There are 2 protein chains.
Amino acid sequence: MIRVLLVDDHEMVRMGLAAYLSTEDDIEVVAEASSGEEGVKLAVELKPDVVLMDLVMEGIGGVEATRRVRETCPSCKVIVLTSFIDDEKVYPVIEAGAFSYLLKTSRAAEIARAIRAAAAGEPVLESRVAGKIMARFRHGQEAQPHEQLTPRELEVLKLIGQGKSNQEIADELIIGIKTVKTHVSNILSKLGVEDRTQAAIYVHTHNLD
Amino acid sequence: MIRVLLVDDHEMVRMGLAAYLSTEDDIEVVAEASSGEEGVKLAVELKPDVVLMDLVMEGIGGVEATRRVRETCPSCKVIVLTSFIDDEKVYPVIEAGAFSYLLKTSRAAEIARAIRAAAAGEPVLESRVAGKIMARFRHGQEAQPHEQLTPRELEVLKLIGQGKSNQEIADELIIGIKTVKTHVSNILSKLGVEDRTQAAIYVHTHNLD
DNA sequence: TACGGACTCACCCCTTTGGGTGAGTTTTTT
DNA sequence: AAAAAACTCACCCAAAGGGGTGAGTCCGTA
């Protein structure tokens, strides 16, 4: 019997999963959590075989919840279940220890299959997610352009993403405007964009909040 | 008996709703649709009392689906059920004829209540949605700043949101750069922002794709 | 017809931005 | 201790952005 913990703040989704999974003889839903915190707590207590984890939740998100579950219960396989693929949380959550990655548009049978696969030690990646991962390795492991920014540059980039001018950024960071300009130049070059507007768009399309 | 049609491309959500609603004596799920098109078709055929409609779907979205359902089956009450509140699709879908608006984080009991309310002719607005609607009326019906943009200005704004320079916008629209600058000035003034970067951010936070 | 709104373009002028280059200081790593 | 990376600031200069103003055309409507 595969013991499963559901973590999702959507009651309907939990009910749907629970209803479907209860029809599978070899799968047992041992508990449901409506938040990341609760999910971590239940995972530690119950040591389920598989955790079905939503990514977007109030409080600590699925990424942090996954990290904590992996820390406190390394035997738990975390299957991430989320709505969107464009979320740039794909890489972080995999780094956080997610074992499989599915989309919520998946058929119910797919999910049952992924649960059995996880219990058997086989990860499952939704095809589009797999494509992203492959692309990342193909293009060299440098990954996201913004990951090669220095901490200070990242800080400046976020302020650009808030629509701040160089002077405002200088005031906020208590440095000279000349220094800000240097950072901005380096940022534009590293991100491969032409101006601060494109950099701001980068921030928003990559959710660098 | 209240006859309900479910429209959602997430099989799990449909299952969860169907499972829960089947426990309610006065509610009957007469059909499920996994796309907007299918939902419209089934609504016409079955004339349900209430349609539970997801907003984000492949193909025609929930907004267009709602409009068509209302056109072809005016007696059907459409309850919109979506994940996010920041979606600026709230107003459009209400204009399209949505009767109630709930979030997917709602408790299942809330949904059953909303279904009964809809059948009785009472709309239900999730509190945060209600707040938005109220705010819109309080601030004068002018609503979103970008709605007072002219068609041409909106076109330019979208290009700003793509990170285009004035010259690139001029080339794309086959007009002079002086004209673009005029549009940009008017846009900044109407949106109440200081520069094109903030305008680009506006585009992305308001989903003006 | 007259009016207003939208779209177009122009001129003047100032500010901001961004590239290139150099260089000093601090922090971290080797 | 030496090397590398990060952070800081500076100067020069060209390009782009943005405010203000004026004005012509076209189109739909009162």
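Bear in mind the structure is a predicted one, so any value in this text is a computation, not a measurement. Side chains included, hydrogens not; waters and symmetry mates left out as well; all remaining heavy atoms used. Every chain is numbered from 1, with letters handed out A, B, ... down the list of sequences.
Following rounding to the nearest Å, A:K178 (NZ) and C:dA23 (P) show an atom-to-atom distance of 17 Å. When rounded to the nearest whole Å, the span between CG of A:D171 and P of C:dT16 equals 12 Å. Rounding to whole angstrom units, CD1 of residue A:I177 and P of C:dT15 are separated by 13 Å. Atom CD of A:Q167 is separated from atom P of C:dT15 by 13 Å (rounded to the nearest Å). In this structure, A:E194 atom CD and C:dG18 atom C1' are separated by 12 Å, rounded to whole Å. In this structure, A:E153 atom CD and D:dC7 atom P are separated by 6 Å, rounded to whole Å. To the nearest angstrom, P of C:dG19 lies 11 Å from CD1 of A:I187. Between the CZ atom of B:R152 and the C1' atom of C:dT8 there is a distance of 9 Å, rounded to whole Å.
Relative to the side chain of B:S165, the nucleotides D:dG19, D:dG17, C:dC11 differ in distance, and D:dG17 lies closest. Listed nucleotides: D:dT8, D:dG19, C:dT8. Nearest to the side chain of A:I175: D:dT8. Listed nucleotides: D:dG18, D:dT8, C:dG18. Nearest to the side chain of B:R196: D:dG18. Considering only side-chain atoms of B:T179, the nucleotide from D:dA6, C:dC9, D:dT8 that sits closest is C:dC9. Taking the side chain of B:S185 as heavy atoms from C-beta on, and the options C:dC7, C:dG18, D:dG19, the nearest nucleotide is D:dG19.
A side-chain contact (heavy atoms from CB on, under 4.5 Å) with B:I115 is found for one member of B:V124, B:L102, B:V50 and no other, namely B:V50.
Of the side-chain N and O atoms in B:T150, one or more sit less than 4.0 angstrom from OP1 or OP2 of C:dC7. The phosphate of C:dT8 (OP1 or OP2) has a side-chain N or O of B:H183 nearer than 4.0 angstrom. Side-chain N/O atoms of A:N166 include one lying less than 4.0 angstrom from OP1 or OP2 on C:dT17.
At a cut-off of 3.5 angstrom, counting only N and O atoms as typed in the model, there is a donor on one side and an acceptor on the other between the side-chain of B:T182 and the base of C:dC9.
Using a 4.5 Å cut-off on side-chain heavy atoms (C-beta onward), B:E11 and A:I111 make no contact. Annotation: side chain of B:P74 is not in contact with side chain of B:C76 (no heavy-atom distance under 4.5 Å). Residues B:H183 and B:I169 are not in side-chain contact: their nearest non-hydrogen atoms beyond the backbone lie 4.5 Å or more apart.
Pairing each heavy atom of B:T179 with each of B:I175, the nearest pair is CG2-CD1, 4.0 Å.
Both A:K181 and A:K190 sit near DNA chain D, but only A:K190 has its closest nucleotide nearer the 5' end. The residue among B:P151 and A:K164 whose nearest nucleotide of DNA chain C lies closer to the 5′ end is B:P151.
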